[in-house]
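Everything on this sheet refers to the single structure shown next.
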Amino acid sequence: MTKTLSQKPLKKTAKKENLSKKSSFMPDISIVVPIYNEEDTLPILWKRLTKTMDDYTKKTNKTYEIIFTNDGSKDRSSLILKSYFDLRPHQVRVIEFNGNFGQHMAILAAFERVRGQIIVNLDADLQNPPEEIPKILAKMSEGYDYVGSFRDGRKDNIFRTYASRLMNKIRGLITDIVMTDQGCMLRAYSREIVDEIARLHESATFIPALAYKLAGHPTEIPVRHDPRAAGESKYSLYKLIRVTFDLMTSFSLVPLQLFTFCGFFVSFLSSILVIYLFIRRLTIGPEAEGVFTLFAILYFLIGLLLVGIGIMGEYLGRVFQVSSKRRGFRIRKVYEKLD
Ligand code: UDP
Ligand code: MG
């Protein structure tokens, strides 16, 4: 049965014991930001994010931390992040990957180290403004365990906008995930969901979709969308296709099933052709030196082969789903203050 986005929140669950490394600082909110070659956007992000969160936490009497994962940046991002850690060592943590493992792996590595009870994830490029975070947090405080978002007036180029819309449509057709805008990464998660995602140790996944699967009371709200503050999109066409494949194969077996159905269909059609040619041979005689008979038999066999590969794929897909416990990233260094 398809899960729908909750309209009515449940009562807030009790605070769960924190599972991450021992530290005297246990903030209420953890902000997670993946970074790949963002030297131009980082200073603006830092200013606007800390201002928003400082104001918010002062008003609500809460505390927060920021976890940056540097996903193998080749520019000065690493140095800049280290300077933020030096500025606020109790509040900032920096995870340094030893290569580029992708945005979702960067978020996953941070999820394994969060200390807050509510975790907010956003991109570094300020396309989703940090000023929208209090809106997401206000929704979380109504009792939801996952607050997704969709872009209000998207500010990307036409190609990206339409390609994303198409991907959203395909994902909607082949999975039971209800999500208006899968590419919008400003989202908040409860600690329980984040712990569960970290425990699953997936090596190629799509965090918002996985969180949706695990959520008991998900919802989504519109958030503002701005053009990239600086630099260019870090997604090449290849990376976009890869992420889409991860999304499809992690959450659905429909692509494999389509393959199998296709095989059955081809076999069915060609068996009709075989029967027709057999009757024709008995009544009229052989067609042009039996060439078409040969084709018919060949197509029948190809159909059977497709069915066979499809069925094998079904099993392979299932085995893959349960056995992919490989780590999808490697950490070089972590800047954090634990006492
Ligand atoms: N990112 C990352 N690793 C990558 C690609 C992107 O950590 O391999 C980060 C990037 O720094 C940004 C976020 O993921 O914080 C989203 O990337 P981007 O804004 O380039 O994506 P787009 O908005 O074009 O989808
Ligand atoms: Mg962006």
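As the structure is a prediction and not an experimental result, all values here were calculated from the model.
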Walk me through it: do I66 and T50 pass the test side chain to side chain contact (heavy atoms under 4.5 Å, CB included)? CA-CA 9 Å; I66 307 174; T50 48; 4.2 Å; yes

side-chain hydrogen bond (donor to acceptor under 3.5 Å, both in side chains) between T41 and E38, intermediate numbers included: CA-CA 5 Å; T41 62; E38 299 285 5; 3.1 Å; yes

Between I133 and L122, is a side chain to side chain contact (heavy atoms under 4.5 Å, CB included) present by the stated rule, with each step listed? CA-CA 9 Å; I133 295 175; L122 82 158; 4.3 Å; yes

Test I136 against I221 for side chain to side chain contact (heavy atoms under 4.5 Å, CB included), laying out the working first. CA-CA 8 Å; I136 290 246; I221 57 169; 4.0 Å; yes

Verify side chain to side chain contact (heavy atoms under 4.5 Å, CB included) between E336 and V94, making sure each step is shown before the conclusion. CA-CA 7 Å; E336 62 186 346; V94 181; over 6 Å; no

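Salt bridge annotation for R228-D125: present, with a cationic side-chain nitrogen under 4.0 angstrom from a carboxylate oxygen. A salt bridge links K82 to D86: at least one charged side-chain nitrogen sits closer than 4.0 Å to a carboxylate oxygen. Note on D195 versus R199: no salt bridge recorded, every NZ/NE/NH1/NH2 to OD/OE distance being 4.0 Å or above. Looking at D55 and K51, a side-chain N of the basic residue comes within less than 4.0 Å of a carboxylate O on the acidic one, giving a salt bridge. Between R224 and E132 no salt bridge is recorded (no basic side-chain N to carboxylate O distance below 4.0 Å).
Here the closest heavy-atom approach between residue F101 and residue G328 is recorded as CD2-O, 3.3 Å. Residues E65 and R93 approach most closely at OE1-CD, 3.5 Å, considering heavy atoms. Nearest approach of L186 to S149, heavy atoms of both residues: O-OG, 2.6 Å. A pairwise comparison of heavy atoms in A296 and V274 identifies CB-CG2, 3.9 Å as the closest pair. L247 approaches R171 most closely through the heavy-atom pair CD2-CG, 3.7 Å. Residues A188 and M140 approach most closely at CB-CG, 3.6 Å, considering heavy atoms.
At a threshold of 4.5 Å between non-hydrogen side-chain atoms, the residues N98 and K333 do not count as touching. Between L273 and F300 the shortest side-chain heavy-atom distance does not fall below 4.5 Å. The side-chain heavy atoms of F97 and T69, taken from C-beta on, include a pair separated by under 4.5 Å. The side-chain heavy atoms of V120 and I29, taken from C-beta on, include a pair separated by under 4.5 Å.
Side chain of N121 to main chain of V32: a donor-acceptor pair is present (N/O by atom type, distance under 3.5 Å, no hydrogens or angles). A donor-acceptor pair under 3.5 Å is absent between the side-chain atoms of T175 and the main chain of G172, judged by distance alone. R115 places no side-chain N or O within donor-acceptor distance of the main-chain N or O of S30, the cut-off being under 3.5 Å. Between the N100 side chain and the D71 main chain, a donor and an acceptor come within less than 3.5 Å of each other. The backbone N or O of I174 lies less than 3.5 Å from a partner atom in the side chain of S252, making a donor-acceptor pair. Judged by distance alone, with hydrogens and angles left aside, the side-chain atoms of E39 form a donor-acceptor pair with the main-chain N or O of R76 at under 3.5 Å. In this structure, the side chain of S77 does not engage the main chain of S73 through any donor-acceptor pair within 3.5 Å.
R88 CZ: more than 12 foreign heavy atoms inside a 6.0 Å radius. Residue Y235 places its OH atom among more than 12 non-hydrogen atoms of other residues, nucleotides or ligands, all under 6.0 Å distant. Heavy atoms of other residues, nucleotides or ligands lying less than 6.0 angstrom from CD1 of I158 number 12 at most.
Ring to ring, F85 and Y335 are close: their centroids are under 6.0 angstrom apart. Residues H104 and F206 place their aromatic rings such that the two centres sit under 6.0 Å apart.
If you take CG on D152 and CG on N128, they are separated by 11.0 Å, rounding to the nearest 0.5 Å.
Counting only N and O atoms by type, the side chains of S190 and Q117 include no donor and acceptor under 3.5 Å apart. Using a 3.5 Å distance cut-off with no hydrogens or angles, the side chains of D123 and Q103 do pair a donor with an acceptor. With no hydrogens or angles considered, no side-chain donor-acceptor pair links Y36 and N70 at under 3.5 Å.
Ring geometry for Y84 against W46 counts as parallel: the plane angle stays under 30°, on a 0 to 90° scale with 60° as the upper cut.
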